[in-house]
Novice: 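Dumping the structure here so I can ask a few things about it.
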Amino acid sequence: MPANVAAGSGTLRIATWNINSVRLRLPLLSDLVMQLDPDVLCLQETKCPDEHFPHEGVAALGFTHRLARGMKGYNGVAILSKRPILLRTEDPDWCLKGDCRHLGVAVDAPGGPIELHNFYIPAGGDIPDREKNPKFGHKLDFVAEATAWSAARPAKRSIMVGDLNIAPLEHDVWSHRQLLDVVSHTPIEVDALNGWQKAGGWHDALRHFVPADQKLYTWWSYRAADWRASDRGRRLDHVWVSPDLAGGLARHVVLKDARGWVKASDHVPVMVELAT
DNA sequence: ATGGTCGGCAACCGA
């Protein structure tokens, strides 16, 4: 062991990906593993009931520890890990909907257990008005509940990842001006997300590496004729870490190439490596 | 300004 590395410490690579059907895109997971080699991979939009989760295929990639929380057709999250993970049973059923948008675990990390939360926040529909659009209300209610939850238990040795479906910064979207009325970048959503982040004392791990005045996207619409040429992206996927882990942030990857894979998801994988 | 494309699952809903 190098002299500058304390006993019991090490690095951990955490990745997050909205896979948009884990069964359809199972073959792409091996590309992800080759590119990022994550210790822990958090998935959203698995769209897969637990009894049909492709455990065998995922195990073949080295993820010996797996937890899935899915349902038929919609939503669904999973945590795949090369290190032991322990399901947290004390976290809320968000908005009491039982809709499979969160998994919380303790990861057996070098240096001691790390609390990890994988979120899939409601997209919120098309109209940014909770009176006219209940899905937007659900999104705001979900974030408000998560804010109160974070405020009640300041984060320590904790990581929060997922598809939060909100792009908070001006340069998290291709055109701040043109997206001010578009769900994902409206001021009410941005304020809500910033309030959540502040309530938990969370550090934005991607913006730790990429300055706020540089464009950074993790999602490109399927509807663009040429997603790469038009480059009308948004940063909807996030990695937040508690203050005590922020000093250990070592590396990040936004795997933009994944948007060009055959049968791509509209989101790309994001990975953060940190000392634990 | 509008519509553009996906996935699940079998007619549209959700993104």
Side-chain angles (χ1 to χ4, degrees), chain A residues 16-29 31-32 42-54 57-58 68-78 94-95 97-102 118-130 132-143 161-168 172-175 177-186 188-190 192-193 217-238 255-270:
Chain A
T16 177
W17 190 24
N18 180 320
I19 193 170
N20 188 14
S21 174
V22 67
R23 284 174 287 182
L24 186 72
R25 278 180 250 287
L26 180 64
L28 298 184
L29 283 178
D31 296 82
L32 184 153
C42 296
L43 300 176
Q44 305 88 35
E45 279 208 271
T46 53
K47 295 184 175 176
C48 182
D50 293 342
E51 62 269 28
H52 295 137
F53 194 86
V58 168
R69 178 171 285 163
M71 59 194 282
K72 187 178 178 179
Y74 304 105
N75 309 331
V77 287
W94 307 93
C95 303
K97 283 179 174 285
D99 58 357
C100 305
R101 294 179 176 275
H102 168 262
N118 177 17
F119 278 98
Y120 174 51
I121 302 294
D126 289 330
I127 305 166
D129 180 333
R130 71 154 65 234
K132 296 175 186 161
N133 171 18
K135 284 186 277 190
F136 193 70
H138 178 214
K139 182 178 199 174
L140 296 179
D141 291 345
F142 195 116
V143 174
V161 307
D163 176 5
L164 305 187
N165 267 314
I166 299 173
D172 289 339
V173 295
W174 64 276
S175 169
R177 187 178 57 83
Q178 288 178 258
L179 271 75
L180 277 172
D181 295 322
V182 175
V183 171
S184 72
H185 193 61
T186 64
I188 188 168
E189 292 168 86
V190 168
L193 192 71
Y217 313 139
T218 65
W219 173 90
W220 290 262
S221 172
Y222 280 128
R223 296 178 185 174
D226 184 334
W227 70 273
R228 200 187 292 271
S230 57
D231 199 24
R232 294 184 169 188
R234 306 177 201 170
R235 185 170 72 112
L236 303 179
D237 304 276
H238 298 269
L255 197 58
K256 186 176 177 180
D257 284 350
R259 187 61 183 78
W261 288 346
V262 175
K263 291 295 257 179
S265 170
D266 46 355
H267 295 253
V268 299
V270 168

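What you see is a predicted model; the values in this text were computed from it and never measured. Throughout, a chain's letter reflects where its sequence line sits, starting with A, and its residues are numbered from 1. Values below: all heavy atoms of this structure, side chains included; hydrogens, waters and symmetry mates excluded.
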Novice: State, to 0.1 Å, how close Asp231(A) and Trp174(A) come at their nearest heavy-atom pair, and which atoms those are.
Specialist: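 That would be O-CB, 3.8 Å.
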Novice: Base, sugar-phosphate or nothing for Arg101(A)? Non-hydrogen atoms, less than 4.0 Å.
Specialist: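 The residue Arg101(A) makes sugar-phosphate contact but no base contact.
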Novice: Provide, to the nearest angstrom, the distance between the CZ atom belonging to Phe136(A) and the P atom belonging to dG14(B).
Specialist: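 The distance from CZ of Phe136(A) to P of dG14(B) comes to 17 Å, rounded to the nearest Å.
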Novice: How would you list, by chain and number, every residue that makes a salt bridge (Lys or Arg N to Asp or Glu O under 4.0 Å) with Arg23(A), sequence neighbours excluded?
Specialist: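 Scan of Arg23(A) (salt bridge (Lys or Arg N to Asp or Glu O under 4.0 Å), adjacent residues dropped) gives none.
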Novice: Could you work out, with salt bridge (Lys or Arg N to Asp or Glu O under 4.0 Å) as the rule, every residue matching Asp237(A), not counting sequence neighbours?
Specialist: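 Partners of Asp237(A) under the salt bridge (Lys or Arg N to Asp or Glu O under 4.0 Å) test: none.
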Novice: More 5' along DNA chain B: Tyr120(A) or Met71(A), using each one's nearest nucleotide?
Specialist: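 Going by which nucleotide is closer to the 5' end, it is Met71(A).
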Novice: Could you state the atom-to-atom distance from CG of Asn20(A) to P of dG8(B) in whole Å?
Specialist: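 Checked: the CG to P distance equals 7 Å.
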Novice: Just jot down the ring-ring contact (aromatic ring centres under 6.0 Å, His included) partners of His138(A), sequence neighbours excluded, or say none.
Specialist: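 Here no residue qualifies.
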Novice: Separation of His267(A) atom NE2 from dC6(B) atom C1', in whole Å?
Specialist: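 Value for this atom pair: 11 Å.
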Novice: Could you give the distance separating dT2(B) and dC6(B) at their P atoms, to the nearest angstrom?
Specialist: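 Going atom to atom, P in each nucleotide, I get 23 Å.
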Novice: Tell me whether the OP1 or OP2 atom of dG7(B) has a side-chain N or O from Lys263(A) closer than 4.0 Å.
Specialist: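 For Lys263(A), the contact criterion (side-chain N or O under 4.0 Å from OP1 or OP2 of dG7(B)) is met.
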Novice: Tabulate protein N/O versus nucleotide N/O from nucleotides 1-5 of chain B, keeping only pairs under 3.5 Å, one per line.
Specialist:
from, atom 1, to, atom 2, distance (Å)
dG4(B), O6, Arg223(A), NH1, 2.6
dT5(B), O4', Tyr222(A), O, 3.1
dT5(B), N3, Arg223(A), NE, 3.3
dT5(B), O4, Arg223(A), NH2, 3.3

Novice: How many whole angstroms separate atom CG of Asp266(A) from atom P of dG8(B)?
Specialist: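 In whole Å, dG8(B) P lies 12 Å from Asp266(A) CG.
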Novice: In whole Å, what is the span from the NZ atom of Lys47(A) to the C1' atom of dA15(B)?
Specialist: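 Between C1' of dA15(B) and NZ of Lys47(A): 7 Å.
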Novice: Within the 4.0 Å heavy-atom criterion, would you say Arg232(A) contacts the bases, only the backbone, or no part of the nucleic acid?
Specialist: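 It contacts nothing in the nucleic acid.
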Novice: Figure out the CD1/P separation between Ile166(A) and dA15(B), and round it to whole Å.
Specialist: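 One finds 14 Å between P of dA15(B) and CD1 of Ile166(A), rounded.
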Novice: When you check the phosphate oxygens OP1 and OP2 of dG14(B), does a side-chain N or O of Lys135(A) lie under 4.0 Å from one of them?
Specialist: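 Yes, such a contact exists.
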Novice: What pairs with Pro128(A) under side chain to side chain contact (heavy atoms under 4.5 Å, CB included), at least two apart in sequence or on another chain?
Specialist: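 Counting only residues at least two positions away or on another chain, Pro128(A) forms a side chain to side chain contact (heavy atoms under 4.5 Å, CB included) with Phe136(A), Val183(A), Thr186(A).
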Novice: Could you work out the separation of dA15(B) and dG3(B) based on their C1' atoms and round it to a whole Å?
Specialist: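 After rounding to an integer number of Å, I get 16 Å for this pair.
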Novice: Please indicate whether Leu179(A) has more than 12 foreign heavy atoms, meaning atoms of other residues, nucleotides or ligands, lying under 6.0 Å from its CG.
Specialist: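 For Leu179(A), atom CG is crowded (more than 12 foreign heavy atoms under 6.0 Å).
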Novice: Expressed in angstrom and rounded to an integer, what is the separation of Ile127(A) atom CD1 from dC13(B) atom C1'?
Specialist: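 These atoms are roughly 15 Å apart.
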Novice: Glu45(A) CD to dG7(B) C1': how many Å, rounded?
Specialist: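 To the nearest whole Å, that distance equals 9 Å.
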Novice: Can you work out whether Ser21(A) or Gly124(A) has the more 5'-proximal nearest nucleotide on DNA chain B?
Specialist: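 Result of the comparison: Ser21(A).
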Novice: Pairs of donor and acceptor atoms involving the side chains of residues 257-264 of chain A, under 3.5 Å and at least two apart or interchain, shall be tabulated with distances.
Specialist:
from, atom 1, to, atom 2, distance (Å)
Arg259(A), NE, Trp220(A), O, 3.0
Arg259(A), NH2, Trp220(A), O, 3.1
Arg259(A), NH2, Ser221(A), O, 3.0

